[in-house]
Structure formats: C-alpha cells, structure tokens
Peer 1: 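This structure is in structure tokens; I'll ask about it shortly.
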Amino acid sequence: MPKTENKVETLRWNAGRLEMIDQRLLPTAFEYVACESAVGVAESIRSMVVRGAPAIGVAAAYGVALEAARMQHQSKAEFDSAMNRGIALLESSRPTAVNLFWALERMRRLWQSHGGSDNKTVADRMLVEAHEMLAEDIRINRAMGAYGAALLPDGARVLTHCNAGALATAGHGTALGVFRSAVESGKRISVIADETRPFLQGARLTAWEMVQENIPVTLITDNMSGYLMSRGEIDAVVVGTDRVAANGDVANKIGTYMVAVLAQRHGIPFYVACPLSTIDLKIATGDGIPIEERDENEVKGYRDCRWAPEGVLIRNPAFDVTPAELVTALITEKGIVGKDILAAGTLDQWVRAHKEQQLP
C-alpha cells in the first residue's frame, strides 16, 4: 500500500477496509470512517465524508475493489451483477466531479478485460489498480505543484476558495499543492482562505491543512475578497476544479465565479490547478456541466445551529462555472495551459498532445 509523505492521509487501506478522514467533523474532531463495500463508499461520497474531485475518484476506485472482494466467493453471475450495481451506485453519488466517472470507467475496463478470470483474480487485480490510482494521484499533484509554484513570486499573498488540498486528493493537493511546492522551493507564501459557504470547506479544511503545515494562512468571509483585492493585498488566486469543459470553462465550488470576476477587475492572475483527468473533452462548454443541488439544510444553518426561519425558500447549487476568458492559466501535471491556448479554443488539442507524456 503506497504511503503519502504528507501529514494528512485522506484515504488509507487498512486491514481490508478503506478508511477515510471524516471531513464533516474537522477541525473540531479527527476521525476515520471505515468502508467495506461500494454502498459504504457511495454514502461517504454523497454525505461528504470524503470530497474533492481527485479524492472522490480514488475513493470510488476502492469502492469497486471492495465490492469485488466482498463478492469474490459467489458465482460468476452474482459477482458480475454485484459489480454492475456497485458501479452504478457509485456513479450516482455526486454528479459534478468528472474524476468519479473517469475512475469508475477505468475500473470497469479493467474488470471487463479480465472476463475470463476467476473472481478472486479479478478482485486482487482491482485492489492493485486502486492502490496504483492513489499513488498516481500523489505523483500527479507533485508535478502539478512544481509547475504552479514557478508562477508564484516570492512573498506572494495567494487567495484560494474551498479546499483543494491533501484532503481533496490522495495527497499533497492541487491548489494547496501549489502552495506546498512553493514553500518547499524556498518561497515565502502566505495564504488567504475564503471560508466558502455553506459547507465551510475553507474555514474548516483549508485553514486546518495550512496550520498543520505551518504555512501562514488568514481566514476571511466570502464577501471580503473584493475589499482585499481593492487594497492590493492579494497577488494571485489559485483554485482547484471538479470539471473543466473542452473550451476551458471551469466548474468549481460555488463562489469561484464571483472570485474570478473580482480578480479580472483588479488585474490579479486567476489560476486553476487541475489534473488532466479533470478536463472533460466530451463536454463542449460549461453549460453542459451538471451542477449538483444539495440539501437546503446546508444553507439554513450549520450542524446544530439554525439561523434561517422555517418557510424560507432555499437554493443550494454546490458549484458554479467560471468562463475560460476569466482564467489566466490551467496548471496541469503536464505543464501550463496559458491564455493563448484557452483563447484560441485549442485546449482539446493540447490535452491530446500531452496526455501520453511522462510526468517530469
């Protein structure tokens, strides 16, 4: 089982079970939730025990592996039926994160390629693949972090929205991975974290991660970023993403679009850290990205505290789409996709040209 070098081990394999940090409890409590089936993993994704597109993808891969292990002593027909049900259940857990579907398709192809093998052989191979996907995600984030770190000047004050750190991935992180890599290279970086309503991923998770790593972090409410930009207190914005359309439109946590508009108004670079697996060439523009609507109770209050009156109408879209024209660059594990490529509409060509290149 691969180990991360980070202080945060979001997902781990232990004694035949997938264990994941329960991110709903942070920062007041640190606990792992153990899953033994695809049903358990799907519910953990749906309820946001685990969140962040790369972490969701890796968790789903383990969900398939767990289902294969659980059914390996059954008949071939029962095994295949359970695998189909498990994959379908995982696919329905959250609609926006493309890594979920990418990971499940990869596991499905592996399963189908071993159609003539016995159940145990298939189950063993599934687990090996899930382990590899976890290790691969960390390698990708490391490469992405190095490319992104080069974009940030020494002393940069960088705003981020939501949590695109080790908690959102198998390790190191996407946006927060850029910060970690910059600090490792000797740069003095300070982070400004939007609290990110309504689930408070910035306040609870990003702030917690940065404190663990001793990286200076300042927490602000979501409506303060424009003020800080107007005073020259933000040098760059780096965010993650759950899905990028073929034209470069970016779906990320609700509120990201607002930050991008403000960044353009103040001449501040707006970078998006995304592995190539998050770029969905099957969707032409951001208009085609499905936007998840979550439970209204997330907006009414938080945990046991309620601040909205009963009877009020609630909207709770979990994501918004930032048009490609507001994006300064995409930071990927294979290099930087600049504004020239995004403006020319050739992102799809760039991805296909770089997809098979080895990581640096």
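Throughout, residue positions are numbered sequentially from 1 according to the sequence presented.
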Peer 1: Classify the side-chain pair Thr278/Asn99 by whether it contains a donor and acceptor separated by less than 3.5 Å.
Peer 2: yes

Peer 1: Have Gln23 and Arg51 got a donor and an acceptor in their side chains that come within less than 3.5 Å?
Peer 2: yes

Peer 1: With a 4.5 Å limit on heavy-atom distance, are the side chains of Val244 and Leu347 in contact?
Peer 2: yes

Peer 1: Is the shortest distance from a Lys or Arg side-chain nitrogen in Asp280 or Arg243 to a carboxylate oxygen in the other one below 4.0 Å?
Peer 2: yes

Peer 1: Assess, by modelled atom type and distance only, whether the side chains of Arg85 and Ser81 contain a donor and an acceptor separated by less than 3.5 Å.
Peer 2: yes

Peer 1: Given side chains that start at C-beta, do those of Ile21 and Tyr32 come closer than 4.5 Å, heavy atoms only?
Peer 2: yes

Peer 1: Once the angle between the rings of Tyr62 and Trp13 is folded into 0 to 90°, is it parallel (under 30°), tilted (30 to 60°) or perpendicular (over 60°)?
Peer 2: parallel

Peer 1: Is there a side-chain contact between Glu78 and Asn119 in this structure, where contact means two heavy atoms from C-beta onward sitting under 4.5 Å apart?
Peer 2: no

Peer 1: Is it true that Arg106 and Glu129 have a side-chain N and a carboxylate O under 4.0 angstrom from each other?
Peer 2: yes

Peer 1: Taking Arg139 first and then Glu132, would you say they form a salt bridge - that is, a charged N and a carboxylate O separated by under 4.0 Å?
Peer 2: yes

Peer 1: Give a yes-or-no answer on whether the side chains of Asp249 and Thr285 include a donor-acceptor pair shorter than 3.5 Å.
Peer 2: no

Peer 1: Determine, step by step, whether Leu359 and Glu136 satisfy the side chain to side chain contact (heavy atoms under 4.5 Å, CB included) criterion, reporting the C-alpha distance in whole Å, the side-chain angles of both residues, the deciding distance to 0.1 Å, and the verdict.
Peer 2: CA-CA 10 Å; Leu359 289 175; Glu136 182 182 280; over 6 Å; no

Peer 1: For the pair Asp154 and Lys187, find out whether any cationic side-chain nitrogen is under 4.0 Å from an anionic carboxylate oxygen.
Peer 2: no

Peer 1: Are Arg204 and Phe199 in a cation-pi setup, meaning NZ or CZ lies under 6.0 angstrom from the ring centre and within 45 degrees of the ring axis?
Peer 2: yes

Peer 1: Does atom NZ (Lys120) have a neighbourhood of more than 12 heavy atoms from anything else shown, all under 6.0 Å?
Peer 2: no

Peer 1: Does Val259 belong to the same Ile/Leu/Val/Met/Phe/Trp/Tyr cluster as Leu342, with side-chain heavy atoms less than 4.5 Å apart forming each link?
Peer 2: yes

Peer 1: Do Val261 and Leu326 come close enough that some side-chain heavy atom pair is under 4.5 Å?
Peer 2: yes

